[in-house]
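What you see is a predicted model; the values in this text were computed from it and never measured.
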Amino acid sequence: SEWLVMDKLDHATGVRTKMGKLNIGIHIVPKTIADTIPAGLGRTDPNANPYLPPPSGRLKFSLNPFVMGSELCGPKLCAQFTCCLICTGFILLMIFCSPVFNFVIALLSPQLKKLNPFS
């Protein structure tokens, strides 16, 4: 195997900027050996000659916004953000539903006074 230097050419200045390295290896074998040692395409079965491990550090896609938030921000920050959203939603619910609560209390207060033996 050999390391290849990956670079980018800036056409305006003509300067090449180093972007990283790529390790590449090629195995050339006779057809008879290739037929006796099966290998799948990419990571499909049989995953051998050479074994290709599953990729690590990739983003897992989900339609669940909490799972995606956890993937993008991390579980701790996602939990804090979710807690702030729930508290904000509860406060907004209390603000916008206060006329309904006042109406229910006004309806029930005469009946509650009848049930109170100390009044």
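For the pair Lys31 and Ile33, the minimum side-chain heavy-atom distance is 4.5 Å or more. Looking at heavy atoms from C-beta onward, Lys18 lies in side-chain contact with Val5 at the 4.5 angstrom threshold. The shortest side-chain heavy-atom distance between Glu71 and Phe61 does not fall under the 4.5 Å cut-off.
Annotation for Val67 and Ser62: closest pair CG1-CB, 3.7 Å, computed over non-hydrogen atoms.
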**Q.** Residues Met68, Leu59; criterion side-chain contact (heavy atoms from CB on, under 4.5 Å); working and verdict
**A.** CA-CA 9 Å; Met68 283 304 294; Leu59 182 69; 4.3 Å; yes

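To the nearest 0.5 Å, atom CD1 of residue Ile105 and atom OG of residue Ser98 are 10.0 Å apart.
Within a 6.0 Å radius of CE in Met6, no more than 12 heavy atoms belonging to other residues, nucleotides or ligands are found. The 12-atom threshold is exceeded at OH of Tyr51, counting heavy atoms of other residues, nucleotides or ligands nearer than 6.0 Å.
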Between side-chain atoms of residues 72-86 and protein atoms elsewhere (two or more places apart, or another chain), which donor-acceptor pairs fall under 3.5 Å?
residue : atom : partner : partner atom : Å
Thr82   : OG1  : Cys78   : O            : 2.7

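The closest side-chain donor-acceptor pair between Thr13 and Asp10 falls under 3.5 angstrom.
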